[in-house]
Amino acid sequence: MGVEFSTSQLESAAIWAKKIKKSRTSNAFNWGRKHSLFTYPFVTACCGMEFMSVAGPKYDIARFGAEFPRFSPRQSDLLMIVGTITERQGPVLHRIYEQMTEPKWVVAFGVCASTGGFYQNYSVMPGADQVVPVDVYIPGCPPRPEQVLDALIMLQERIQESRGHNQMLEIRRTTVKENTHLPVVS
Amino acid sequence: MSQALVTELMDRFEQVTSVSMGQDAVVIVPRDILLDVAGFLKEKNMDAPVACTVIDWLGKANARFEVVYQLRSTTQGYRLRMKTPLDSEDLVCPSLTEFWSGFNWQEREAYDMYGVVFEGHPDLRRILMYEEFSGHPLRKDYPKDKRQPLIRRKAVTNV
Ligand code: SF4
């Protein structure tokens, strides 16, 4: 007589096999995603100068696979919010975020995009996270290129671990879908 | 140089008074004769509209607002500043766009930020703030951190 498994054991083993397979493939996808970020630079103010130096040959963001700025949100998956965001720009920024392809990530570049910076007045939004979910915030006015590269590496780690805002929502959505056969408890 | 112009202006219009402010020639022009004075200055080669703005003297009993026009003559090389006091109950000022069309957007900005209505302006709309904005943000009694958001993200919970 060999080893016997109960039905429930077999079922849970099958579920685990599925989970493992899924996590392996998502690992591979995430590895591909994190090394081929297509940036959409939403440049509104002085931080743009520092963004250019990061993109230029000296600091060379190309080493991380993110060298290719796309000037259409539909072709990009990393939104770089570079500079001051005013209240008037809020709907525009939100629409650009919605147009981007999924999965997508957002980096707030500089204190203005992160918190509104030193502007406390009628026109400046207190941080771009009022309208879009932000994954990584970079402090500094403007930040040094090293900080930007550091943030990019942090973002890559998040992408690999599926911890991007958008990816987490994705996981939540699929879980909800799988459980639709369950009775609704009110 | 511009002193001669100021003297000529004051001879022509009795209600115009001059105030000394450093080296700049500054005249105070009542609202009723602003258009006449502007026409006179236009004929005197004041051809460049430099700036139009408003000063808010919060707490001043009457004439809380003051519309300031800065003019320059590119041929003669001198400058002149005109100030028109306005009462906060009656914030209407004649528009000078018919003499200097360069004041078009500047008067729109003054309207946007201070709420001064420029009579005779061809297109008096807000220029910097959005249409939904209520109030005039550069007035001294506008709360300094009052924001009027157009859009706010819903808080994402349970992620
Ligand atoms: S953080 Fe500083 S450098 Fe960047 S946009 Fe704001 S004011 Fe300009």
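Scope of the values below: all heavy atoms of this structure, side chains included, with no hydrogens, waters or symmetry mates. Per chain, numbering begins at 1; letters A, B, ... match sequence-line order.
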Exercise. Please round to the nearest 0.5 Å and tell me the distance separating atom NE2 of B:H136 and atom OH of A:Y122.
Key: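 OH of A:Y122 is found 12.5 Å from NE2 of B:H136.
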
Exercise. Could you please spell out the steps behind the side chain to side chain contact (heavy atoms under 4.5 Å, CB included) verdict for A:E87 and B:L150?
Key: CA-CA 6 Å; A:E87 293 290 1; B:L150 284 177; 5.6 Å; no

Quiz item: Considering all heavy atoms of both residues, which atom of B:I151 and which atom of A:P91 are nearest to each other, and what is their separation?
Solution: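 Scanning both residues, the minimum pair turns out to be CG2-N, 3.5 Å.
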
Quiz prompt | Sidechain-backbone polar pair: A:R88 side chain, B:L128 backbone, donor-acceptor under 3.5 Å | solution =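 Confirmed, A:R88 side chain pairs with B:L128 backbone.
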
Practice problem: State whether the side chain of B:R147 and the backbone N or O of A:V124 hold a donor-acceptor pair below 3.5 Å, judged by distance alone. | Solution: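 It does hold such a pair.
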
In one Ile/Leu/Val/Met/Phe/Trp/Tyr side-chain cluster, 4.5 Å: [X], [Y]:
| X | Y | answer |
| --- | --- | --- |
| B:L86 | B:L34 | yes |
| A:M100 | A:L155 | no |
| A:L78 | A:I85 | no |

Is it the case that more than 12 heavy atoms not belonging to [X] sit under 6.0 Å from its [atom1] atom?
| X | atom1 | value |
| --- | --- | --- |
| B:Y130 | OH | yes |
| B:E132 | CD | yes |
| A:R163 | CZ | yes |

Quiz item: At a heavy-atom separation under 4.5 Å, does B:K144 approach chain A through its side chain, its backbone, both, or neither?
Solution: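 Both the backbone and the side chain of B:K144 come within 4.5 Å of chain A.
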
Exercise. Tell me, for B:L138 versus chain A, whether the close heavy atoms (under 4.5 Å) come from the side chain, the backbone, both or neither.
Key: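 The side chain, not the backbone.
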
